[in-house]
Protein chains: 2
Amino acid sequence: MLLTIDLDSEVPIYQQIRDRVVEAIADGDLAEGSALPSTRQLAADLSINFHTVNKAYDLLRRQGVIRINRKSGAVVRRDAGSGPPEAGFADEWQARLRTLLAEAAVHGVNTDEAMLRCEEVLSSFAVKKGTPA
Amino acid sequence: MLLTIDLDSEVPIYQQIRDRVVEAIADGDLAEGSALPSTRQLAADLSINFHTVNKAYDLLRRQGVIRINRKSGAVVRRDAGSGPPEAGFADEWQARLRTLLAEAAVHGVNTDEAMLRCEEVLSSFAVKKGTPA
DNA sequence: GATCTGTTATAGTACTTCTATATCAGATAG
DNA sequence: CTATCTGATATAGAAGTACTATAACAGATC
């Protein structure tokens, strides 16, 4: 199974799908240019309606993460992080980072600990990025 | 104005209030033990219904960020980050950090850049934390 | 032609968000 | 004591979101 979702989560299903796909790309589990399952296929695998998958894919497309063609279906963009992907992405992203880190700070996570967590996560991406040996 | 919200945002108002309060605490703008405006007062300031503020405060209380008494109203907890605040907070938080950092990675932000952003945000907290001179 | 794909339309249920009132109780200031 | 502030709670409605259920169409593939 490429993807796992939690039906009991507060996070909407289509958002979970988006998050898992983005993480899979960062991890290197989904290589650039590779195809995602068809909306109906993934919906069947997850036992959900295909419109929900459609919404997730449409979100990924609007965010510049994937391309969707009638021919090849949904494929991971090869140039997802090139050019000006989305105006104001960096600012909006840092605002969310700020909120997330503030939350940790308030819960007693000190600066060093927080940095460690960030390094930990980021290095888990880098490890797999150079996949071919 | 202690707090600014964006009525055009996709983020629910009560969530925005929660986020701004958490950030204000991390920044040191809201010291531990200090009081938040009353729900009716803040609602009037923001020109929204007091139930929406109530929901935000209730969320902050359930997350262990503030205490609410009938006497003193809502005050920032002095021991917000001590003991076991919420079971599984760290795990859930790191999962969200992972999603956020993956998003940056997919948009072409490399590891060094991402770390720099994290440092930047975290140091902006630390600067104000030792407020009294 | 049958079957896969994405695309689009319609529509209903359930839930969330926000607003609007109203009421009650405790604390406080005049 | 009365007026007014506070939080707490109940109810209800409007608008939007999330998800599901069908259905139909067009292009690609076998």
Side-chain angles (χ1 to χ4, degrees), chain A residues 2-22 30 33-78 96 99, chain B residues 2-22 30 33-78 96 99:
Chain A
L2 169 67
L3 238 147
T4 314
I5 59 170
D6 176 11
L7 292 172
D8 294 332
S9 168
E10 308 246 307
V11 182
I13 298 173
Y14 76 93
Q15 184 77 48
Q16 290 185 50
I17 295 174
R18 191 216 73 119
D19 290 349
R20 293 303 87 73
V21 168
V22 167
L30 262 178
S34 66
L36 272 62
S38 76
T39 54
R40 289 172 221 252
Q41 184 58 56
L42 183 54
D45 286 355
L46 299 174
S47 302
I48 59 174
N49 193 279
F50 83 93
H51 279 110
T52 305
V53 178
N54 217 337
K55 186 168 182 177
Y57 280 12
D58 188 58
L59 189 58
L60 285 162
R61 183 187 57 76
R62 283 188 282 113
Q63 294 177 341
V65 178
I66 64 176
R67 285 186 190 282
I68 303 178
N69 309 310
R70 213 182 288 264
K71 296 190 64 166
S72 38
V75 300
V76 180
R77 276 188 62 180
R78 291 184 185 281
R96 280 189 286 148
T99 303
Chain B
L2 168 67
L3 237 149
T4 314
I5 58 169
D6 176 12
L7 292 172
D8 293 333
S9 168
E10 307 247 308
V11 182
I13 299 174
Y14 75 94
Q15 184 78 46
Q16 289 185 52
I17 296 174
R18 191 217 73 120
D19 290 350
R20 295 301 87 72
V21 169
V22 168
L30 262 179
S34 66
L36 272 63
S38 77
T39 54
R40 288 172 223 251
Q41 183 59 54
L42 184 54
D45 287 355
L46 300 174
S47 303
I48 59 173
N49 194 278
F50 84 93
H51 278 109
T52 305
V53 178
N54 216 338
K55 186 167 182 175
Y57 281 13
D58 188 58
L59 190 57
L60 284 162
R61 182 187 58 74
R62 282 188 283 114
Q63 293 178 341
V65 177
I66 64 176
R67 286 185 189 281
I68 303 178
N69 308 311
R70 215 183 288 262
K71 298 189 64 165
S72 39
V75 300
V76 180
R77 277 188 61 178
R78 291 184 186 281
R96 280 189 287 148
T99 303

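Chain letters run A, B, ... following the sequence lines, proteins first and then strands; every chain starts at 1. Quick note: numbers below take in every heavy atom, side chains included, and nothing from hydrogens, waters or symmetry partners.
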*Under 3.5 Å side-chain donor-acceptor pair for A/T52 and A/N49*: no
_Ionic contact status for B/R61 with B/D58, cut-off 4.0 Å_ = yes
*Specify the separation, in whole Å, of atom CG of A/N69 and atom C1' of D/dT29.*
16 Å
*Sequence-distant partners of A/R67, side-chain contact (heavy atoms from CB on, under 4.5 Å), two or more places apart*: A/V75, A/R77, A/D79
*Classify the nucleic acid contact of A/N54 as base, sugar-phosphate or nothing, counting any heavy atom under 4.0 Å across all strands shown.*
base
_Is the shortest side-chain heavy-atom distance between B/I17 and B/I48 below 4.5 Å?_
yes
Produce the list of close N/O pairs, under 3.5 Å, pairing protein atoms with atoms of nucleotides 22-29 of chain C; give distances to one decimal.
none

*asked:* Between C1' on C/dT5 and CD1 on A/I68, what's the gap in Å once rounded to a whole number?
replied: 12 Å
*Test log, rule side-chain contact (heavy atoms from CB on, under 4.5 Å), inputs B/V76 and B/V21*: CA-CA 9 Å; B/V76 180; B/V21 169; 5.7 Å; no
_Spacing of A/R62 atom CZ relative to C/dT7 atom P, expressed in whole Å_ = 13 Å
*Can you tell me how far P of C/dT19 sits from CG of B/L46, to the nearest Å?*
10 Å
_Close side-chain approach of B/Y57 to B/P37, heavy-atom, < 4.5 Å_ = yes
*Taking the side chain as every heavy atom from C-beta outward, state whether A/R18 and B/T99 have any atom pair closer than 4.5 Å.*
yes
_Within the 4.0 Å heavy-atom criterion, would you say A/S72 contacts the bases, only the backbone, or no part of the nucleic acid?_
nothing
*Round to the nearest Å and state the distance from A/I17 atom CD1 to D/dT20 atom C1'.*
14 Å
*Within-4.5 Å side-chain heavy-atom neighbours: A/I68 and A/L60*: no
Show each protein N/O and nucleotides 16-19 of chain D N/O combination with a separation under 3.5 Å, one pair to a line.
residue: D/dA18; atom: OP1; partner: A/Y14; partner atom: OH; Å: 2.8
residue: D/dA18; atom: OP2; partner: A/Y14; partner atom: OH; Å: 3.3
residue: D/dA18; atom: OP2; partner: A/K55; partner atom: NZ; Å: 2.8
residue: D/dC19; atom: OP1; partner: A/I13; partner atom: N; Å: 2.6

*Separation of D/dT9 C1' from B/Y57 OH (nearest whole Å)*: 18 Å
*Which value, rounded to the nearest 0.5 Å, describes the distance between B/L36 atom CG and B/Q41 atom CD?*
12.0 Å
